[in-house]
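Inspection log for the structure reproduced underneath, given as structure tokens.
Letters A, B, ... mirror the listed sequences (proteins, then strands); counts begin at 1.
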Protein chains: 2
Amino acid sequence: MRVRDDDLDAVTTIDHDDGDIGEIKDIVGFHIRLAHGACYRHFTETFTELELTQKQVSVMWLVADHPGISQIDLGQRLRMDRATTMTIINRLQARHFLRREKSPTDGRKQALYLTPQGEAMLAEAKLAIREHENWVKSRFTDAEVKTLVELLARIHE
Amino acid sequence: MRVRDDDLDAVTTIDHDDGDIGEIKDIVGFHIRLAHGACYRHFTETFTELELTQKQVSVMWLVADHPGISQIDLGQRLRMDRATTMTIINRLQARHFLRREKSPTDGRKQALYLTPQGEAMLAEAKLAIREHENWVKSRFTDAEVKTLVELLARIHE
DNA sequence: CCTATTTGTTTGCACTGCATACAATCCCAT
DNA sequence: ATGGGATTGTATGCAGTGCAAACAAATAGG
């Protein structure tokens, strides 16, 4: 019993265009999605104790690097819309990791700051992230990591 | 304040380590997530008319390539658990794009097949995917695409 | 001053991921 | 052959994310 008839078709339909775009393994987006899924799962395992998600850590990290940042600015840096940003910040605020403060210069904006508990949690998170990064990088040389990041950046910039 | 005393030994024996792991821009997983998000958004835009998600297209594609495939096999190829696979197949079945059939060789398994409507939809989807792929690939040379796929595969394989 | 824009908020919906529990079926060792 | 364990599918529930629409408060600009 033959399993891979699809290869045969690919060979026999070289030139004329009937909509055949090859195998799913050749779709770049397919590999991006699988790689993202693998990262997501390992990240989740690494952060089960801390009960933090990728987004939540990213938000805390950015707030730490940019104290007083607005929700809009934060959302744009992480490519999230306002509603999604809201729910994440609500969760972090409910856990007392960050606080909102009316911006003195622009009454529409909320200025975001980490609480001391938020800073402590971020420090923990960074240790876990280092583990996670080592897991990702373990299969690459430094040069390959550099290449990968450079190629990925071209997609999202 | 220190929470993870187990790290103390490692820290004090080797050169001192205050937990600083650099900027978020240097985290590989960060770029994978952003690139995935960019792909996800463009895919969603491309498929608004067809009302299909990445997963749904992947499932239909795999069922077309492997008629009679079981849900477990499908889930393993796409790295989805049984419950997630169920909901996706339920949706596709409700739209009459595929059907379940008791496997004659193993009574536990469901054999999955595309319906004629499913095949027609998949043909449409492949056209849209080609557009989507061109959008991704437009910023790379063929060699860079090859490199990117090869590096990503190392993460999810 | 008046209007358009920006920012935040709320609500609601869809998709995904995962845990748990259960039923049917199969596999294997006794 | 039979009983116990493993596999597969199913159902339910919950959390996180993404997004659209509508509204309110504040700002910006003519």
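Applying the side chain to side chain donor-acceptor pair (under 3.5 Å) test to A/Thr105 and every residue at least two apart in sequence or in another chain returns A/Ser103.
Atom CG in A/Leu78 sits about 15 Å away from atom C1' in D/dG16, given to the nearest Å. Atom-to-atom, CD of A/Gln54 to P of D/dG16 comes out at 13 Å; the value is rounded to the nearest Å. Nucleotide D/dT8 holds its C1' atom 13 Å from the CG atom of B/Asp81, rounded to whole Å. The separation between B/Met80 atom CE and D/dG9 atom P is 12 Å, rounded to whole Å. Between the NE2 atom of B/His42 and the P atom of D/dG18 there is a distance of 18 Å, rounded to whole Å. The distance from atom CZ of B/Arg79 to atom C1' of C/dC18 is 18 Å, rounded to the nearest whole Å. Taking atom CD on A/Glu45 and atom P on C/dA19, their separation rounds to 9 Å, with Å as the unit. Atom-to-atom, OH of A/Tyr40 to C1' of C/dC15 comes out at 12 Å; the value is rounded to the nearest Å.
The residue from B/Thr46, B/Val59, B/Val57 that alone fulfils the side-chain contact (heavy atoms from CB on, under 4.5 Å) condition with B/Leu52 is B/Val57.
Under 3.5 Å, the side chains of A/Asp81 and A/Thr84 contain a donor-acceptor pair of N or O atoms. B/Arg100 and B/Gln93 are linked by a side-chain donor-acceptor pair at a separation below 3.5 angstrom, with hydrogens and angles left out of the test. With 3.5 Å as the limit, one finds a donor-acceptor pair spanning the side chains of A/Ser58 and B/Arg33.
Ranked by how close their nearest DNA chain D nucleotide is to the 5' end, A/Pro104 and A/Ala83 are led by A/Ala83. Residue order along DNA chain D, read from the 5' end via each residue's closest nucleotide, puts B/Thr87 first among B/Thr87 and A/Glu51.
Between A/Glu144 and A/Lys137, no side-chain nitrogen of the basic residue sits less than 4.0 Å from a carboxylate oxygen of the acidic one, so the salt-bridge criterion is not met. Classification of A/Arg99 and A/Glu101 as a salt-bridged pair holds, one side-chain N sitting under 4.0 Å from a carboxylate O. Between A/Glu51 and A/Arg95 there is no salt bridge, since no side-chain N of the basic residue sits under 4.0 Å from a carboxylate O of the acidic one.
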Kindly give the atom pairs (protein nitrogen or oxygen, nucleotide nitrogen or oxygen) under 3.5 Å for nucleotides 4-8 of chain C.
{"residue": "C/dT6", "atom": "O4'", "partner": "A/Arg108", "partner atom": "NH1", "Å": "3.3"}
{"residue": "C/dT6", "atom": "O2", "partner": "A/Arg108", "partner atom": "NH1", "Å": "3.3"}
{"residue": "C/dG8", "atom": "OP1", "partner": "A/Gln71", "partner atom": "N", "Å": "3.1"}
{"residue": "C/dG8", "atom": "OP1", "partner": "A/Gln110", "partner atom": "N", "Å": "3.2"}
{"residue": "C/dG8", "atom": "OP2", "partner": "A/Ile72", "partner atom": "N", "Å": "2.6"}
{"residue": "C/dG8", "atom": "N7", "partner": "A/Arg82", "partner atom": "NH1", "Å": "2.8"}
{"residue": "C/dG8", "atom": "O6", "partner": "A/Arg82", "partner atom": "NH1", "Å": "2.9"}

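Checking the phosphate oxygens (OP1, OP2) of D/dG9, no side-chain nitrogen or oxygen of B/Lys102 falls inside 4.0 Å. The side chain of B/Arg41 contributes no N or O atom lying less than 4.0 Å from OP1 or OP2 of D/dG18.
Environment of CG in B/Asp142: sparse, with no more than 12 heavy atoms of neighbouring residues, nucleotides or ligands closer than 6.0 Å.
Each end of the helix from C/dC1-D/dG30 to C/dT30-D/dA1 gets its own axis, taken as the rotation carrying the C1' atoms of four end pairs onto the next four within a five-pair window, and the two axes meet at 30° to the nearest 10 degrees.
Residue contacts shown for B/Thr53 are limited to sugar-phosphate atoms, with no base heavy atom under 4.0 Å away.
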